[in-house]
Amino acid sequence: MAANKREKKCDFKLKGTFSEDSCKIYKGNSSTIVAHMEKKDTVKTVVLGRDTFEIAIDQNVDHAFIISLIITLYEIENPIEVKSP
């Protein structure tokens, strides 16, 4: 980010996957968790067949950036098949 202009180290580290039902986002190479996503199983999600996730994000972290990381992780694990006409 702004303080890491030389890009010699990572700004954030993501551990976990959607298939593991959770992931944590750490600040750089530290053990400081800045966001956490976890799958929530409820009767409604099981009946409708839709996954529901709870995301907790620290106050001083860009929420849109964290959401974009989580969406990118989802898209990597669940690629859309494009069929030719």
Side-chain angles (χ1 to χ4, degrees):
M1 306 307 300
N4 187 14
K5 294 181 181 183
R6 293 187 182 183
E7 298 182 358
K8 298 276 184 187
K9 57 184 178 180
C10 64
D11 293 312
F12 294 93
K13 178 174 51 178
L14 191 141
K15 285 190 175 182
T17 64
F18 274 86
S19 58
E20 293 174 1
D21 296 336
S22 71
C23 78
K24 294 178 183 175
I25 300 173
Y26 297 87
K27 182 177 180 181
N29 284 325
S30 72
S31 61
T32 304
I33 298 172
V34 296
H36 178 253
M37 179 209 58
E38 188 172 315
K39 184 176 179 181
K40 293 292 176 190
D41 289 322
T42 64
V43 173
K44 185 177 179 181
T45 60
V46 172
V47 170
L48 295 176
R50 294 185 179 168
D51 294 331
T52 302
F53 293 88
E54 181 177 275
I55 302 170
I57 305 172
D58 283 355
Q59 286 183 347
N60 298 323
V61 178
D62 184 347
H63 288 56
F65 175 71
I66 297 298
I67 297 299
S68 68
L69 284 178
I70 292 171
I71 291 170
T72 302
L73 175 65
Y74 178 81
E75 291 298 326
I76 289 170
E77 292 185 21
N78 300 288
I80 298 171
E81 291 185 32
V82 178
K83 296 181 181 178
S84 323

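Side chains included, hydrogens not; waters and symmetry mates left out as well; all remaining heavy atoms used.
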### Task
Only one of Leu73, Ile66, Thr72 passes side chain to side chain contact (heavy atoms under 4.5 Å, CB included) with Ile70; say which it is.
Ile66
### Query
Counting heavy atoms not belonging to Phe53, are there more than 12 under 6.0 Å from its CZ?
yes
### Message
Hydrophobic clustering (ILVMFWY, side-chain heavy atoms < 4.5 Å, transitive) - are Ile55 and Tyr74 grouped together?
### Response
yes
#### Entry: hydrophobic_cluster_shared for Met37 and Ile67, side chain cutoff 4.5 Å
yes
### Query
Do side-chain atoms of His36 reach the backbone of Val34 as a donor and acceptor pair under 3.5 angstrom?
no
### Query
Got a second to check how far Lys15's NZ is from Ser22's OG, nearest 0.5 Å?
12.0 Å
### Query
If you round to the nearest 0.5 Å, how far is OG1 of Thr17 from CD1 of Ile76?
11.5 Å
### Message
Donor-acceptor check, side chain of Asp62 to backbone of Ala64, threshold 3.5 angstrom: yes or no?
### Response
yes
### Summary
What one should report as the nearest heavy-atom pair of Asp58 and His63 is O-CE1, 3.5 Å
### Message
For a 4.5 angstrom cut-off between non-hydrogen side-chain atoms, does Ile25 reach Ile57?
### Response
no
### Summary
Nearest heavy-atom approach of Glu20 to Gly16 is OE1-CA, 3.3 Å
#### Entry: Lys13 NZ to Thr32 OG1 distance, which is reported to the nearest 0.5 Å
10.0 Å
